[in-house]
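Note sheet for the following structure.
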Amino acid sequence: MPELPEVEHVVRALHRVVIGRRIVAAEVTLPKLIAPTTPSAFKRKLKDSLITEVSRRGKFILIHVEKSGARSHGRAIAPTRTSDRVLAVHLRMTGKFLYLSADDALPKHARAIFYLDNDRRLVFSDQRKFGVMKLVARSQVSTTKGISELAPEPFSDDFNLGYLKDTLARSRRTLKTLLLDQTRVLGLGNIYAAEALFRAGINPFKVSSELSTKRVARLHAEILAVLRDAISDSSTSRIDLERPDGFTYGEAFERFWQVYEREGEPCVKCDARIRRVTHGGRSTYWCPRCQRR
Ligand SMILES: [Zn+2]
């Protein structure tokens with residue numbers, strides 16, 4: 001499953017190739033992907049629209065499209081703001097975008113295809129079919145279910161030390177659980193929650209409200225640092241939309257992880273063996289010495 005740093009790289013990769021391109025036609029082979037919009041409405045609303053921006057809110061990729069003005073007697077009239085829409089895409093487990101030439105074969109799990117005005121196709125492939133695409137008016141993005149509940153963006157001013165302190169103080173859940181709750185702390189999945197706690201030297205099973213102010217500050221700094229490092233590390237910027245077989249999430253990031261998937265390996269700081277426990281299908285990794293408390 002892609003985590004926030006990888007989604008950020010997908011956004012940047014899309015940005016490089018689709019901005020300024022026009023969607024000539026759209027096709028959906030999995031109606032539940034775009035529900036409650038119907039495939040026919042989806043096609044109609046996207047046909048002939050211009051891709052003006054690609055951004056991100058949490059792990060939602062926001063593809064901004066503008067429909068040029070309705071034609072009146074062959075003459076274009078001014079575009080209306082109401083036709084500005086956003087295609088909000090959540091990749092979930094296996095969703096990925098591919099940017100293919102007319103000659104490339106469609107991937108086996110192509111669920112949506114956008115035909116662009118340069119004879120390329122932007123394809124959404126999703127083996128497990130958990131991906132989500134919501135076509136909404138631009139003015140309604142922030143109130144869209146799944147987006148409206150999200151905590152502040154980690155790199156925004158709203159995610160400050162005071163915010164994290166208040167959020168932790170109000171919770172009796174373990175840090176590991178709380179950090180994964182995107183409505184409380186945004187941006188950490190299983191991997192980067194483990195990495196941030198390791199860097200901060202904090203035990204993942206500690207009760208959130210019991211963390212001292214000094215250690216909250218440490219955690220806040222490490223959450224930002226681990227995300228920033230993962231996004232900026234050159235080895236992680238290999239998401240290539242033009243590989244017809246697609247890329248695998250995590251493949252470029254593995255070298256970067258210090259505790260995640262390193263059970264039994266020596267800790268990079270103290271040589272103790274990294275431990276792992278699994279509950280609810282999710283593994284927690286930590287160093288029993290560096291993260292004693
Ligand atoms: Zn250690």
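Note that ligands are numbered from 1 as they come in the structure, with each ligand's atoms numbered from 1 the same way. Note that the coordinates shown come from a computational prediction; the quantities given were computed from them, not determined experimentally.
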How are the rings of Phe114 and Phe42 set to each other: parallel, tilted or perpendicular (split at 30° and 60°)?
tilted
Suppose the cut-off is 2.8 Å; which protein N/O/S atoms would you list for the Zn ion (ligand 1)?
Cys267 SG, Cys270 SG, Cys287 SG, Cys290 SG
Is it true that the side chains of Thr167 and Arg184 contain a donor and an acceptor less than 3.5 Å apart?
no
Applying salt bridge (Lys or Arg N to Asp or Glu O under 4.0 Å), run through Arg57 and Glu153 and close with a yes or a no.
CA-CA 7 Å; Arg57 176 72 177 103; Glu153 281 295 316; 3.0 Å; yes
Looking at Asp181 and Leu178, would you say the former's side chain and the latter's main chain have a donor-acceptor pair under 3.5 Å?
no
Could you walk me through whether Thr143 and Ser148 pass the side-chain hydrogen bond (donor to acceptor under 3.5 Å, both in side chains) check?
CA-CA 5 Å; Thr143 54; Ser148 62; over 6 Å; no
Does Ser101 use its side chain to pair, donor to acceptor, with the backbone of Arg120 at less than 3.5 Å?
no
